[in-house]
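Numbers restart at 1 for each chain; the letters A, B, ... are given by sequence-line order, proteins then strands.
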Amino acid sequence: MTIHLKLDQKPTARPARKGFVAILSMVVLGSTLLFSNSGFAFEGLGRTASKDEVKAWDIDVRPDFVGLPKGSGSVQKGMDVWEAQCASCHGVFGESNEVFTPIVGGTTAEDIKRGRVQSLKDGSSPQRTTLMKVPTVSTLWDYINRAMPWTAPKSLSTEEVYAVTAYILNMGGIVGDDFVLSNTNIAQVQGKMPNRNGMQTNHGMWLASGKPDVKEKRCMSNCKPDAKVISYLPEYAKDAHGNLIDQNRLVGPVRGVVTVVAKAGESAAAPKVSMSSGESLFNANGCVACHGVDNKKLGPSVVAVANKYADRKDAKAYLAGKIKTGSSGVWGDMPMPAQAHLSDEDTNALSDWFLSRKK
Amino acid sequence: MSFQIPSDTTLGRIQRAPENFVSRTDIAFVNRASETDRRSFFKKAFAAAAVGAVAASPALATAAKGDPAILNLPAHTKGLGQPVAAMPYGMPSQYEKNLQRRESPGLTRVGAASVSFCPLQGLFGVITPSGLHFERHHQGWWDIDPTQHRLMINGLVKREMVFTIDELMRMESVSRVHFIECGANSGMEWANVAVPTVQYTHGMLSCSEFTGVPLIKVLEYCGVDLKKGRYILAEGADGSSMTRTIPMEMVESGEVLLTYGQNGEMLRPENGYPLRLIVPGVQGVSSVKYLRRIEVGDKPYAAKDEAVHYVDLMPDGTHRQYTSIQECKSVITTPSGGQKLLTPGFYNITGLAWSGRGKITAVDVSTDGGKNWKSATVQGPVHDKSLTRFNLPWVWDGKGEVLLQSRAVDSTGYVQPSYRTLREKRDDKSIYHNNAIQSWRIDASGEVHNVHVG
């Protein structure tokens, strides 16, 4: 969202652009002439955006909170929304490192006072969390509103966005348990962000004309006495990226190195399995964020689910129902969010595929 | 793999040219000639079949000495190939399947918020085939119906407007060659060697000929206020609705493009079909895909990818915010990590150089870890903010250790720095904007390893 020109304001030209001056002079002459089809560039193309259209898309919120809708949301309400819609990826306390890097952690009460996060300097936090970096509450509000939850972005109400933002701030010790975040107090809260003084923009990497921060000499001969290898890939990591012979061309000046040696009787290449529709749905709907096929992530593995339910008579319908409505408590504390956007056909295909993975 | 001719294909029914373009005498001549040729064709065909039958006899085959690839005519030399349009959209040879986009294991945990790396080790020239362009998605990719896509311009303009793809494609277009590099390219290598090949060290990099309309022209048409409106916000139409702030200076330069074309066809869905902003020289995240909106404003927006990610941690614990420019950088792609030289002898050392501040003017290559350097040939035409190919002839003696490096210089005079120079300023935790000199070690067996040289 942005501020708008008043009708009587006239844009003025910056002197640098020649062709632009001509166009601007038309602007200055008045808005009636500007769009009167008088040979203007791109004549007849485009149309005026309606107020409702701009409102529907202009959702951004700036650090000065231009664009922020009026409203409020409590920490308490935020906790409910969080546990239903956010915890499955981010962890109950925003600490999870399973799917995305953690949101909360690594900041102290002292950081909140100073506005600088000490662990960024001394490296005492194993991960750089969102709250360690983000200087502006507006950024959190804007991003949750536009892009969360991950599999159903733009589905939260304004109150829910305020509430979830409040809950994250609460988990970071920035606001208390009874806090209600609103458009009237959000600027004050921004003044308590632990890394609010942690950004610098006085660098030369914003524009092509900026000044670089390093200056290397272009030495051509006898540039240094000695050249030693100081870092290389350890032997055990050689095959971490697969068999490199399969990642290089069959002809040319070089070949890929063989990094995976097939055991007797099996091919080094992974067997090709054609994807069933259930598996495609699994990959396409973000299920992989929480479920591995063979390994436990936040939720149980596909194989574990199959092993548990495959012998039930109503297994297919049971699983399809759980996918559709969500579930909690069966596999631990972490709730599974409802996947209500899936059709019955899709949930049945997913259910079939899950059950087919029984081992 | 054997090719099969579709059953509905009728062989030999080629229509002659319209006969009223040819005189009656000529037609008679052509018909006579074709009769003669047909007879001689059958004669030759019988002869060839007889030779084939003889050659198949093992006693005679051993008589000829030489390369079987020459002596034994293969099926494709002796058979009928596939008809035209057997593949209406052509695909690379089946023998090229090793060159693919790949994910780096352990880098990201969810495919829809991940990156796939471009196989730079096998590419030629400077243009990346569209199907191999690296991918970075923040909330998955979509194949969007172009008839339903809209671009909105709002904010500090006289008239807030909406454009369809039809309308954008009616405007006067330009086509320009530019690289796109992710700000995090080579990010895994800041502190130590982490990955084996150039695909993973440098593969968040691609280069295309992009076709579109300079954004400034469309903003001018909307009556942009360039005095107050010193920033734009670009926003995508996908779930993440990716937003990035771009300074108006860049837009005013005419370089920022509303892009629909890539390498002669429309953008690929993975690369933002049907509309993408291209911000030349700037890290890829600013080239917003599925572009739906441009807002003109008077302040930066501190979007998620300008306040949480794509910020560069400095040694004093502050982050550089709004770092954008991809500084001058180069890498040798052949020979490179995870490859093995065939035999001692002649090789062409080749690679890519690029700069977000302008054109590449020189590339130097060292084979002794940076003690001595030779100037490589920079292959033209050299485009602004584009990948640029360099070549240097070289003979590998097959003995001892070789430490290959390349170092690029751009039109501002900036020289690509060593790791030592960069780390002295930025330490090794900034993740983004690693443009250090890359080193490859060739051991005595010809195997090439990714190394850092001190």
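For B:P280, no part sits under 4.5 Å from any heavy atom of chain A, backbone or side chain. Contact of B:D364 with chain A is made through the side chain alone, with heavy-atom distances under 4.5 Å. Contacts between B:T197 and chain A at a heavy-atom distance below 4.5 Å involve the side chain alone, from C-beta outward. Heavy atoms of A:P234 lying under 4.5 Å from chain B are absent altogether. When heavy atoms are compared at a cutoff of 4.5 Å, A:T136 approaches chain B solely by way of its side chain, counted from C-beta outward. Looking at A:Q118, neither its backbone nor its side chain comes within 4.5 Å of chain B, counting heavy atoms on both sides. Residue contact with chain A, scored on non-hydrogen atoms closer than 4.5 Å, is absent for B:I437. Looking at B:L342, the atoms closer than 4.5 Å to chain A (heavy atoms on both sides) sit in the backbone and in the side chain alike. Neither the backbone nor the side chain of A:D122 comes within less than 4.5 Å of any heavy atom of chain B. Using a 4.5 Å cut-off between heavy atoms, A:N202 makes no contact with chain B at all. Heavy atoms of B:A302 lying under 4.5 Å from chain A belong to its backbone as well as its side chain. Contacts between B:Q339 and chain A at a heavy-atom distance below 4.5 Å involve backbone atoms as well as side-chain atoms. Heavy atoms of A:I245 lying under 4.5 Å from chain B belong exclusively to its backbone. Contacts of B:A194 with chain A are made by backbone atoms alone, with heavy-atom separations under 4.5 Å and no side-chain atom involved. Proximity to chain A involves both the backbone and the side chain of B:T245, based on heavy atoms less than 4.5 angstrom apart. In this structure, chain A has no heavy atom under 4.5 Å from any part of B:Y432. Of the two parts of B:Y200, only the side chain, counted from C-beta on, holds a non-hydrogen atom closer than 4.5 Å to a non-hydrogen atom of chain A. Contact annotation for B:S439: neither backbone nor side-chain heavy atoms come within less than 4.5 Å of a heavy atom of chain A. With a 4.5 angstrom heavy-atom cutoff, B:V311 touches chain A only via side-chain atoms. With a 4.5 Å cut-off on non-hydrogen atoms, A:T101 touches chain B through its backbone and its side chain both. Looking at A:K154, the atoms closer than 4.5 Å to chain B (heavy atoms on both sides) all sit in the side chain, from C-beta outward. With a 4.5 angstrom heavy-atom cutoff, B:Q283 does not touch chain A via any of its atoms. Contact annotation for A:A237: neither backbone nor side-chain heavy atoms come within less than 4.5 Å of a heavy atom of chain B.
Side chain of A:D239 to backbone of A:T259: no donor-acceptor contact under 3.5 angstrom is found. Of the possible donor and acceptor atoms, none in the side chain of B:E103 sits under 3.5 Å from a partner among the backbone N and O of B:F117. Distance alone, capped at 3.5 Å, is enough to place a donor-acceptor pair between the A:R249 side chain and the B:G122 backbone. Between the B:Y414 side chain and the B:S355 main chain, no donor and acceptor come within less than 3.5 Å of each other. No donor-acceptor distance shorter than 3.5 angstrom exists from the side chain of A:Q247 to the backbone of A:G256, with no hydrogens or angles considered. A side-chain donor-acceptor contact under 3.5 Å links B:Q139 to the backbone of A:W150. In this structure, B:D305 contributes its side chain and B:H309 its backbone to no donor-acceptor pair below 3.5 Å. Remark: the backbone N or O of B:Q321 is paired with a side-chain donor or acceptor of A:H203 at under 3.5 angstrom. The backbone N or O of B:P119 lies less than 3.5 Å from no partner atom in the side chain of B:R102, so there is not a single donor-acceptor pair. Side-chain N or O atoms of B:E160 include none that pairs as donor or acceptor with a backbone N or O of B:V157 at under 3.5 Å.
The existence of a salt bridge linking B:E255 and B:K385 is confirmed by a sub-4.0 Å separation between a basic side-chain nitrogen and an acidic carboxylate oxygen. The pair A:K55-A:E53 does not count as a salt bridge, with every side-chain nitrogen at least 4.0 angstrom from each carboxylate oxygen. The residues B:K299 and A:D64 are annotated as salt-bridged, a charged nitrogen and a carboxylate oxygen being separated by less than 4.0 angstrom.
Surrounding CZ of B:R420 are at most 12 heavy atoms belonging to other residues, nucleotides or ligands under 6.0 Å away. Heavy-atom neighbours of B:K374 NZ from other residues, nucleotides or ligands within 6.0 Å: at or below the threshold of 12. Counted within 6.0 Å of NZ on B:K371, heavy atoms from surrounding residues, nucleotides or ligands total more than 12; the atom is thus considered enclosed.
The most heavy-atom pairs under 4.5 Å with chain A, out of B:V448, B:T243, B:N450, come from B:T243. For the set B:G317, B:P315, B:A303, the count of heavy-atom pairs under 4.5 angstrom toward chain A peaks at B:G317. Comparing B:C328, B:A113, B:G111 by heavy-atom pairs within less than 4.5 Å of chain A, the highest count is held by B:A113. Between chain B and the residues A:M148, A:R128, A:K215, the largest count of heavy-atom pairs under 4.5 Å involves A:R128. Most heavy-atom pairs under 4.5 Å with chain A, from the set B:H449, B:E327, B:E401: that is B:E327. With respect to chain B, the highest number of heavy-atom pairs below 4.5 Å among A:R146, A:M132, A:R116 belongs to A:R146. Chosen from A:V214, A:L131, A:V251, the residue pairing most often with chain B at heavy-atom distances under 4.5 Å is A:V214. Note on B:E167, B:K425, B:R320: by heavy-atom pairs under 4.5 Å with chain A, the leading option is B:R320. Each of B:D316, B:L341, B:D312 has some count of heavy-atom pairs under 4.5 Å with chain A, and the biggest count is that of B:D316. Most heavy-atom pairs under 4.5 Å with chain B, from the set A:K133, A:M205, A:K224: that is A:M205. Chain B forms more heavy-atom pairs under 4.5 Å with one residue of A:V134, A:T48, A:L244 than with any other, namely A:T48. In terms of heavy-atom pairs under 4.5 angstrom with chain B, the leader among A:H241, A:M199, A:R255 is A:H241.
Taking 4.5 Å as the limit, every side-chain heavy atom of B:W373 sits out of range of all side-chain heavy atoms of A:C219.
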### Message
Please evaluate residues B:E235 and B:R292 with respect to the criterion salt bridge (Lys or Arg N to Asp or Glu O under 4.0 Å), reporting the C-alpha separation (whole Å), side-chain torsions for both, the decisive distance (0.1 Å), and the verdict.
### Response
CA-CA 6 Å; B:E235 180 180 82; B:R292 78 169 189 179; 2.7 Å; yes
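Checked options A:N197, A:V117, A:N195; the residue passing with A:D111 is A:V117 (criterion: side chain to side chain contact (heavy atoms under 4.5 Å, CB included)).
With sequence neighbours excluded, the residues forming a side chain to side chain contact (heavy atoms under 4.5 Å, CB included) with A:V229 are A:Y232, B:L403, B:R441, B:V451, listed by chain and number.
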